[in-house]
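One structure below.
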Amino acid sequence: MKKTIRKIFRAFNYDLFGQTPTIEPSHVELPSSFLKIETPPKADLPSIEELYIMFDKINAFYFANKLPQAKIEYSSRMTNAGSYTPALKLIKISKKYHQIFPDDIEDTLKHEMIHIIHFYHNAEFKKEALRIGTSLKAKPHPALRRKPKYLYLCPGCKKEYPRQKRLRMASCGDCSDKGRFDNRFKLKLYKS
Ligand SMILES: [Zn+2]
Ligand SMILES: [Zn+2]
């Protein structure tokens with residue numbers, strides 16, 4: 001057993017340096033904590049009220065409260081990080097994008113707030129973006145921007161798990177019994 005544990009740690013350490021472990025996980029006995037349940041990426045997003053508070057703070061801090069009030073909504077369809085519609089005075093924040101990159105939300109809001117005064121990504125827009133430290137361009141959804149290196153598939157429900165990193169002992173979060181690793185639904189590499 002000691003030897004097995006050493007093997008696991010060796011495999012684990014190798015992984016830290018981005019190298020392929022020399023042993024196959026199926027050859028060793030793994031502690032249950034090593035087994036993982038994979039769930040599709042999701043994150044709790046701020047409420048609309050919290051977004052309005054964020055808007056007020058950014059307006060006060062960077063714009064001396066000079067920006068006119070805009071409406072803020074979440075969009076569940078939009079794949080770009082955010083958008084601004086002048087006719088409606090409406091900022092839309094993409095759910096899909098920020099469930100993957102929750103830390104980007106303030107950046108997106110800042111970017112869209114500049115659009116209240118500068119519609120195009122022109123020189124004036126860029127000057128403001130540099131001044132308040134935000135992205136120059138709207139960020140597209142990562143699925144469109146960066147292809148996942150690996151695509152895993154649940155043998156049960158056929159749900160796709162796009163991942164940038166290799167998975168070893170991982171099973172489907174929807175099918176696995178009681179949220180524990182379930183060998184029947186071990187994710188299979190479909191494409192890499
Ligand atoms: Zn923009
Ligand atoms: Zn499944």
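The cluster map of Ile, Leu, Val, Met, Phe, Trp and Tyr, joined by side-chain heavy atoms under 4.5 Å apart, puts Y150 and F185 in different clusters. Hydrophobic clustering of Ile, Leu, Val, Met, Phe, Trp and Tyr side chains at less than 4.5 Å, counting indirect connections, keeps L90 apart from I72. Hydrophobic clustering (ILVMFWY, side-chain heavy atoms < 4.5 Å, transitive): I48 and I58 are in one cluster.
Residue pairs satisfying the salt bridge (Lys or Arg N to Asp or Glu O under 4.0 Å) criterion with at least one member in residues 71-93, sequence neighbours excluded, are absent.
Y152 contributes atom OH, which lies 5.0 Å from atom CG of L189 (distance to the nearest 0.5 angstrom). Atom-to-atom distance recorded for M113:CE and Y62:OH is 10.5 Å, nearest 0.5 angstrom. The distance from the NZ atom of K186 to the SG atom of C172 is 14.5 Å, given to the nearest 0.5 Å. Atoms CZ and CG, on R168 and L187 in that order, are 14.0 Å from each other to the nearest 0.5 Å. Summarising the geometry, atom OG1 belonging to T108 is positioned 11.0 Å from atom CG belonging to D103; distances are rounded to the nearest 0.5 Å. The CE atom of M54 sits 6.0 Å away from the CD1 atom of I105 when rounded to the nearest 0.5 Å.
The environment of K188 atom NZ is dense: over 12 non-hydrogen atoms of other residues, nucleotides or ligands sit within 6.0 angstrom.
The side-chain hydrogen bond (donor to acceptor under 3.5 Å, both in side chains) search around S83 returns none, not counting sequence neighbours. Remark: P68 engages I116 in a side chain to side chain contact (heavy atoms under 4.5 Å, CB included) (not counting sequence neighbours). Remark: N122 engages E124 in a side-chain hydrogen bond (donor to acceptor under 3.5 Å, both in side chains) (not counting sequence neighbours). In this view, Y190 and L151, L153 satisfy the side chain to side chain contact (heavy atoms under 4.5 Å, CB included) rule, not counting sequence neighbours. Residues forming a salt bridge (Lys or Arg N to Asp or Glu O under 4.0 Å) with D56 (at least two apart in sequence, or on another chain): none. Shown here are the side-chain hydrogen bond (donor to acceptor under 3.5 Å, both in side chains) partners of E106, two or more places apart in sequence or in another chain: there are none. By the side-chain hydrogen bond (donor to acceptor under 3.5 Å, both in side chains) test, D104 is found to be paired with Y97, residues two or more places apart in sequence or in another chain being considered. By the side chain to side chain contact (heavy atoms under 4.5 Å, CB included) test, I117 pairs with F63, L67, E128, sequence neighbours left out. Every residue meeting the ring pair (Phe, Tyr, Trp, His ring centres under 6.0 Å) condition with F125, not counting sequence neighbours, appears here in chain and number order: H111, H115, H121.
The minimum heavy-atom distance between Y84 and E112, with the atom names listed, is N-OE1, 3.4 Å. Here the shortest heavy-atom pairing between Y74 and P46 reads OH-O, 2.5 Å. Across C175 and C154, no two heavy atoms sit closer than the pair SG-SG, 3.8 Å. Across every non-hydrogen atom of L51 and L109, the tightest pair is O-CD2, 3.8 Å. Of all non-hydrogen atoms in Q99 and P102, the two that sit nearest each other are O-CD, 4.2 Å.
D107 and T134 are linked by a side-chain donor-acceptor pair at a separation below 3.5 angstrom, with hydrogens and angles left out of the test. Residues S94 and S75 have side chains that never bring a donor and an acceptor to within less than 3.5 angstrom of each other.
Hydrophobic cluster of F119: the remaining members, joined at side-chain heavy-atom separations below 4.5 Å, are Y120, listed by chain and number.
Residues Q69 and F55 form a side-chain contact, since some pair of their non-hydrogen atoms from C-beta on lies under 4.5 Å apart.
The closest donor-acceptor contact from the side chain of N80 to the backbone of G82 lies at 3.5 Å or more, if one exists at all. With hydrogens and angles ignored, the 3.5 Å screen pairs a side-chain donor or acceptor of S47 with a backbone N or O of E50.
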